[in-house]
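Beneath this line is the structure, given in structure tokens, with notes to follow.
The first residue in the sequence is number 1, and the count goes up from there. Both ligands and their constituent atoms are indexed starting at 1 by order of listing. Bear in mind that the values here come from a model prediction, so they are computed numbers and not experimental data.
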Amino acid sequence: MSVVVVGAGLAGLTAAADLAAHGLDVTVLEARDRVGGRMRGIEVAPGGWVDAGAAYLGDRHTALTALMTGLDLKTTPATVDGDSRFALGGDERTRPGRFPPLSAVALGEMFDALDELVRTPGLDAPWSAADAARLDALTAAEWAGEHLRHPDARLFFPLFLGEMMAADPADVSVLHMAFYLRSGGGIRYLNAFEGGAQEHRIAGGAHRVCERLAAGPGVRVRLNEPVRAIHQDDDGVTVTAPAGSLRADAVVVAVPPSLAGTIDHRPALPAPRSTGRTAPGCAVKVHLVYPAPAWREHGLSGWSVSARGPLLSTVDDSPADGGVGVLTGFVTGREAHRFSRLSEDERRERAFAQAARLFPGLPRPIGFHATDWVGETYSRGCYAALFGPGDWLRLGPHLTTPHRRVHWAGTETSVEFFGLMEGAVRSGHRAAAEIIATYR
Ligand SMILES: Cc1cc2nc3c(=O)[nH]c(=O)nc-3n(C[C@H](O)[C@H](O)[C@H](O)COP(=O)(O)OP(=O)(O)OC[C@H]3O[C@@H](n4cnc5c(N)ncnc54)[C@H](O)[C@@H]3O)c2cc1C
């Protein structure tokens, strides 16, 4: 029994490892010249790695944690000790903790209103949620216009959504926003470092999970093989990639939904996997490398939030073993589109200038990396696909339904921890289990 897995991201490789462990013959075809997809490491100093893509996980991410244990990978704590910096009005301010210097009442009301949405019954299958049709027709921007009266809440809402989902509020339906926040464990869990979804990083870089899976027993990965066509007949499937065609008994497609739709499927897919309203999450992740994490000497955590970009938030991502200090900057939503259009020199100078304003007294960085996920052909944005108005009702019921011998994986096919590494792992296990149950 042979299986082709399309996409060597975390979902595809998890599925491949499970299938290989059951004695199936598995080939993974990967479009890029590396494995890992939205998980990618950058070595900023000898032995010091940072994450250009996914980085953080929490204790509720049990499938990922179990996978890492099996691969002998450890976590390292994410660092947020010290005061934060905020640039939300005309000036920069230092405050203890991460709560912004805005009206606590206004932000409290905003989070209460979001919490109420997150409690919408049936969100675990959003297309059948109570009031799904109304919530799916409305964008998060329209919802904010209706529900957020205080200027501080209106200022903070897009920053919050950018940080949580790399989303511009105009791009996502209210149903998707509510689902995403619920799927990730609720607003407080998703947003928290200590005890939350950002509590740990993966020692040595998140990409190591994928590298170790790809090197595992029975998993054969072919790089630089973008799959163009998947044609099924009565006896099996032909998968076509640049180096030729492969025959298999079943296929796992583990690529983001908008990319899955660009593959020529025969018979044609019974339902689309994305629509014109399905937006890519928009994030450029920036790393500023310093000789040392000198902000810590000033009692600062490296955490900042700014109303104006490019760096809408920063966090201390200094590698535990690298000696250097690293500030990671997140450029998200609309700001990411603007930043994406700049030259490398312009990006560097704007990021350096903003970091200098936020953290006065730091030397000029010795290194700069900007990873533009918006422009990545084989990701088309991040952190994950954003379902726009109408998408959940139209796409939701079909996202995981096999198309004859073609099974679906990828973080966007997981209703638990959608968009996160944890969702990718769970989807990979599910797709492999479907094949094992169907064909063995
Ligand atoms: C900047 C950023 C920050 C993030 N932060 C976090 C975080 O802190 N915590 C967290 O849990 N998650 C985070 N995520 C999300 C996380 O990275 C993803 O949920 C997860 O990696 C998705 O895995 P996947 O296998 O579903 O998809 P992908 O990683 O996208 O894998 C799909 C693979 O398919 C390949 N491919 C595409 N088309 C084809 C084709 N036609 N033929 C063959 N191969 C193809 C791609 O090259 C890719 O390797 C972040 C993502 C980004 C980019």
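Atoms of ligand 1 found under 4.0 Å from any heavy atom of G36 (numbered from 1 in listed order, with element): 29 (O). Near Y56, meaning under 4.0 Å from one of its heavy atoms, ligand 1 places the atoms 7 (C), 8 (O), 9 (N), 10 (C), 11 (O). In the vicinity of V6, heavy-atom distances shorter than 4.0 Å reach the ligand 1 atoms 42 (N), 43 (C). Residue T411 approaches ligand 1 through these ligand atoms, each under 4.0 Å from one of its heavy atoms: 19 (O), 22 (C), 26 (O). Atoms of ligand 1 found under 4.0 Å from any heavy atom of G37 (numbered from 1 in listed order, with element): 29 (O), 48 (C), 49 (O). Listed by number with element, the atoms of ligand 1 under 4.0 angstrom from any heavy atom of C382 are 1 (C), 2 (C), 52 (C), 53 (C). Atoms of ligand 1 found under 4.0 Å from any heavy atom of L29, numbered from 1 in the order shown, are 43 (C), 44 (N). When each atom of ligand 1 is checked for a heavy atom of G410 under 4.0 Å away, the hits are 26 (O).
The shortest separation from a heavy atom of Q198 to ligand 1 is not under 4.0 Å, leaving the residue out of contact. At least one heavy atom of A254 sits under 4.0 Å from some atom of ligand 1. The closest approach between any non-hydrogen atom of A52 and ligand 1 is below 4.0 Å.
In this structure, the separation between CG on L327 and CG on L358 is 9.0 Å, given to the nearest 0.5 Å. Between atom CG of residue L399 and atom CZ of residue F418 there is a gap of 7.5 Å, rounded to the nearest 0.5 Å. Put simply, CG on L312 and CG on L159 are 6.0 Å apart, with the number rounded to the nearest 0.5 Å. A distance of 8.0 Å separates OG1 of T120 from CG of L175, quoted to the nearest 0.5 Å. Within the model, atoms OG1 of T411 and CD of E422 stand 9.0 Å from one another, a figure rounded to the nearest 0.5 Å.
Taking the ring centroids of Y56 and H61, they lie at or beyond the 6.0 Å cut-off. In summary, the aromatic rings of F387 and Y180 are positioned with their centroids too far apart to meet the 6.0 Å limit.
At under 3.5 Å, a nitrogen or oxygen of R38, whether backbone or side chain, sits near a nitrogen or oxygen of ligand 1. Residue-to-ligand polar distances keep I263 apart from ligand 1: every N/O pair is separated by 3.5 Å or more. Looking at A283 next to ligand 1, no N or O pair under 3.5 Å apart turns up. Residue L259 has no N or O atom closer than 3.5 Å to an N or O atom of ligand 1. Between S379 and ligand 1, not a single N/O pair is under 3.5 Å apart.
Panel note: side chain S427, backbone G410; a donor-acceptor pair is recorded below 3.5 Å. For S318 (side chain) and V326 (main-chain N/O), a donor-acceptor pair under 3.5 Å exists by modelled atom type.
By the criterion of a heavy-atom distance under 4.0 Å, the backbone of E225, and not its side chain, is placed next to ligand 1. Neither the backbone nor the side chain of A206 comes within contact range of ligand 1; no heavy atom lies under 4.0 Å. By the criterion of a heavy-atom distance under 4.0 Å, both the backbone and the side chain of A31 are placed next to ligand 1. Contacts of A166 with ligand 1, taken as heavy-atom pairs under 4.0 Å, are absent altogether.
Protein heavy atom nearest atom 25 (O) of ligand 1, with residue, atom name and distance: A11 N, 2.9 Å. When hydrogens are left out, the protein atom nearest atom 34 (O) of ligand 1 is G7 CA, 3.2 Å; that is the closest non-hydrogen contact. Here the heavy atom of the protein found nearest to atom 31 (O) of ligand 1 is G9 CA, 3.4 Å. Looking only at protein heavy atoms, the nearest one to atom 19 (O) of ligand 1 is G419 O, 2.8 Å. The protein atom (non-hydrogen) at minimum distance from atom 11 (O) of ligand 1 is M421 N, 2.8 Å. In terms of protein heavy-atom proximity, atom 23 (O) of ligand 1 is nearest to A424 CB, 3.6 Å.
For the residues E30, E422, M39, the heavy atom positioned nearest atom 48 (C) of ligand 1 is part of E30. For the residues V227, T371, L420, L190, the heavy atom positioned nearest atom 41 (N) of ligand 1 is part of V227. Counting only non-hydrogen atoms, the option in A54, S414, G423 that gets closest to atom 16 (C) of ligand 1 is A54. Nearest-residue assignment for atom 38 (N) of ligand 1 (options V284, V255, D51; heavy-atom criterion): V255.
Using a 4.0 Å cut-off between a side-chain N of Lys or Arg and a carboxylate O of Asp or Glu, D168 and R334 qualify as a salt bridge.
A donor-acceptor pair shorter than 3.5 Å cannot be found between the side chains of T76 and R201. Side chains of S306 and R357: a donor-acceptor N/O pair is absent below 3.5 angstrom, by distance only. Under the 3.5 Å distance criterion, with hydrogens and angles disregarded, a donor-acceptor pair is assigned to the side chains of S304 and T314.
Geometrically, R85 does not engage W295 in a cation-pi contact defined by less than 6.0 Å to the ring centre and at most 45° from the axis.
Remark: R60 pairs with Y189, F417 by the side-chain contact (heavy atoms from CB on, under 4.5 Å) rule, at least two apart or across chains. Shown here are the side-chain contact (heavy atoms from CB on, under 4.5 Å) partners of E346, two or more places apart in sequence or in another chain: L342, S343.
A 4.5 Å side-chain heavy-atom check between D235 and R247 finds at least one atom pair inside the cut-off.
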